[in-house]
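In what follows, a structure is listed as structure tokens, so that the remarks can point back to it.
These figures come from a predicted structure and were not determined experimentally. Proteins get letters first, then strands, A, B, ... in listed order; numbering begins at 1 in each.
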Protein chains: 2
Amino acid sequence: MRTSRTIPTLDDVAKKAGVSTATVSRCLNTPDRVQKNTRVRVLKAVEALGYTPNFGARVLAAKRTFTIGAIIPTMENAIFARGLQAFQEELQRAGYTLLVSSTAYSPAAEDEQIRALITRGADGLLLIGYDRDPALYRYLKRQAVPALIAWAHHPDIPRPAIGFDNRRAMALLTEAVLAQGHRRIGVITAVTKGNDRAADRLQGIRDALQARGLDPETLAVIETPYGVENGEVAMRTLMQADAAPTVVMCGNDVLAAGALRGAKAMGLSVPQDVSVTGFDDIELARIVTPALTTVHVPHREMGTKAAKALIAMVEGAAPPAPTELPISLEIRDSLGPVKTA
Amino acid sequence: MRTSRTIPTLDDVAKKAGVSTATVSRCLNTPDRVQKNTRVRVLKAVEALGYTPNFGARVLAAKRTFTIGAIIPTMENAIFARGLQAFQEELQRAGYTLLVSSTAYSPAAEDEQIRALITRGADGLLLIGYDRDPALYRYLKRQAVPALIAWAHHPDIPRPAIGFDNRRAMALLTEAVLAQGHRRIGVITAVTKGNDRAADRLQGIRDALQARGLDPETLAVIETPYGVENGEVAMRTLMQADAAPTVVMCGNDVLAAGALRGAKAMGLSVPQDVSVTGFDDIELARIVTPALTTVHVPHREMGTKAAKALIAMVEGAAPPAPTELPISLEIRDSLGPVKTA
DNA sequence: GATCACAATGCAAGCGCTTACATAAATTTC
DNA sequence: GAAATTTATGTAAGCGCTTGCATTGTGATC
């Protein structure tokens, strides 16, 4: 395809401008190493011929693709979509292009995607969360491809990362919940296997209970895949139990939106009959009724900073220290005091 | 970077396996043109060395990148995110990788992105909507890069496209609205400049009015950028007019969600005081209260089909006939009969 | 058993670009 | 004004892979 003899090459431009290919190349890549008038002449030739550098040749010779790969669970999730958008904008600004791959939360798929993107010549990789096969980390190291972890931050793991402490954030929210007098707590969490963010959030709830001298075993936990429907189903299950919870804490806003819908369908009003909390503070959180109490995460900031950090790494900077972004509690109407029956 | 002499090349594999580089290459690309036992030997060498083909070299030699570019207004918009996700999944299945670029609804930015992605060696391009500079279409043609248009379908424009007829869909919805007795109609539309989907939808409303012998000039139209907030603001403006509309039709679900919030903030109940409609049927539509009457668009199907069609084009098939996907009306609680004062 | 057809493999010529090095010209230094 | 330095450009050697063509080996055919 695209091979017709009409596509001009560097050589054609060089001939047209009466210079060597080296000069043309320099005009395009390091313009200030070329005298002004030759530069003008060359650029004119480029224009006239409609020349576009051949990507493969450039990559082969320069050993850089100016491409960054991102491997995320899914783009449908507003959380990642938003951060990814910011990430892409920042890359674009710096002259990089974004290669996207998704895993549907499957570690095996992620493994495959990582290798695929490296094969595709990604100069650097954005990964979500820490939890993956050590062999993969070894592979990355051997390939000398910088990788940055986002959406998570473990102070004690020394990998380059930019995110927030899911566990501590959820503990914080739990404290706010406990302060409202709640003791019978239901939890709807995303699948925790292979998803350290979800696991951390769940653990955060347990931490807070323990800190208050309460027994984490009293939690009613339901684990379910991402999705509004699933949140709704889980909510029904929780609320049909003998001693129904007075508050249901959800691993993310989407599950919480489902929980809200479930409550409504069962004729329960929130927060009078049962409180609900989310996590992430996506736009949805302020659209549902009642507005969702949740943990605010600076998605766009995370995306932008991740892009900057990754570009720096790709361009040879030392890996940055793990960066923790501040989260904050958004207390809205879906959380109320426990019902004093 | 990544240049250390430790990275094995085809040559290393060939030496290790005791064959020529040609044979190794064939093992990897056309395995059935190689005898079984040599193939096994080669693959073993590949494995042992941890060989990964060099992307640039492969692209340069093969003149294919197995990369497809998508240029969308934004990923934050659930509509595109969803379709794009399906698009990417299908590409992945076929061994292609997705290159993503966003334009923030700016035609100039789009122009730039298109050229950038082609320079990056995209084998094909996914574009949103028809509306762009003819010079760009000429450029695409000259570069011999197949491009497929999605999210829109004009029966009379002969470009490869896969989408739906925004205008007719909105006319359909408008008929349903008129059938409920509404005559004072407010419209909140996305910015129509450079966005033919938005313009078509607005035009669809006018079409339906005209078909009923009503005057399109009676419409109260507010044009605003994408976003819940903007929908809310527009709603307030509309409802403060002297003869406030009895129904507000929005160009998409996100604006409609904003309108709903605006109504609530003004103490208006939907649909008793005012009806609201959306477009796209994203998940949001069934989460808000009341659930949104909207036009259902098969996003995932569109993404998947677009991927299949584009791959076929890239691989040399004739451009497919423009494909129209069926939409359907989702009549939900946000639309009611006009209030008989 | 010689001939032919065909499958399996090797040879080597690029693909179009970047860049180290060499060269030539211009500028500065003493 | 010659030598030393700097600047601008050219030369040409790859970068690692694919693929057309040539070569070799194998079994089938007569």
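Following rounding to the nearest Å, A:D11 (CG) and D:dT11 (C1') show an atom-to-atom distance of 13 Å. Taking atom CZ of B:F66 as the reference point, atom P of D:dT18 lies 10 Å away to the nearest angstrom. To the nearest angstrom, C1' of C:dG10 lies 8 Å from CZ of B:R26. Rounding to whole angstrom units, CG of residue B:N29 and C1' of D:dC17 are separated by 9 Å. To the nearest angstrom, C1' of C:dA26 lies 16 Å from CZ of A:R33. Taking atom CG on B:N37 and atom C1' on C:dA7, their separation rounds to 13 Å, with Å as the unit. For the pair B:K63 NZ and D:dT19 P, the interatomic distance rounds to 9 Å; values are reported in whole Å. Look at CG on A:L28: it is 12 Å from P on C:dT19, rounded to the nearest Å.
Here the side chain of B:L60 is nearest to one of C:dT18, C:dC15, D:dC15, namely C:dC15. With C:dT18, D:dC17, C:dG16 as the choices, the nucleotide that has an atom nearest any side-chain atom of A:N54 turns out to be C:dG16. Set against C:dG14, C:dG16, C:dT9, the side chain of B:A61 has C:dG14 as its closest nucleotide.
Applying the 4.0 Å criterion to OP1 and OP2 of C:dT9, one finds that B:T38 has a side-chain N or O inside that range. Applying the 4.0 Å criterion to OP1 and OP2 of D:dT18, one finds that B:R58 has a side-chain N or O inside that range. Look at B:Q35 and you'll find a side-chain N or O under 4.0 angstrom from OP1 or OP2 of C:dT9. Within the 4.0 Å cut-off from OP1 or OP2 of C:dT9, not a single side-chain nitrogen or oxygen of B:S20 is found. For the pair A:T21 and C:dC17, the criterion of a side-chain N or O lying under 4.0 Å from OP1 or OP2 is not met. Taking side-chain N and O atoms only, B:T9 has no distance below 4.0 Å to OP1 or OP2 of D:dG16. Between A:T23 and the phosphate of D:dG10, there is a side-chain N or O to OP1/OP2 separation shorter than 4.0 Å.
Nucleic acid contact for A:F55: none, since no nucleic acid atom lies under 4.0 Å from a heavy atom of the residue. In this structure, B:V34 reaches the sugar-phosphate backbone alone: every heavy-atom distance under 4.0 Å involves primed, P, OP1 or OP2 atoms, never a base. Residue B:S25 is classed as a base contact, given a heavy-atom separation below 4.0 Å to a base.
Seen from the ring of A:Y139, A:R115 counts as a face-on cation partner, given the 6.0 Å and 45° thresholds. Geometrically, B:R159 does not engage B:Y130 in a cation-pi contact, judged by NZ or CZ lying under 6.0 Å from the ring centre and within 45° of the ring axis.
Ring geometry for A:F55 versus B:F55: interplanar angle over 60°, hence perpendicular rather than tilted (30 to 60°).
Checking A:D32 against A:A22, the closest nucleotide of DNA chain D that is more toward the 5' end is the one next to A:D32. A residue-by-residue look at A:L10 and B:V19 shows that B:V19 has its nearest nucleotide of DNA chain C further toward the 5' end.
Remark: of the listed residues B:Q92, B:Q88, B:R93, B:R93 is the sole one forming a side-chain hydrogen bond (donor to acceptor under 3.5 Å, both in side chains) with B:E90.
Separation of atoms CD1 (A:I311) and CD1 (A:I68) is listed at 6.0 Å; rounding is to 0.5 Å.
Two residues are said to be in side-chain contact when any heavy atoms from C-beta on lie closer than 4.5 Å; A:P322 and A:I157 fail this criterion.
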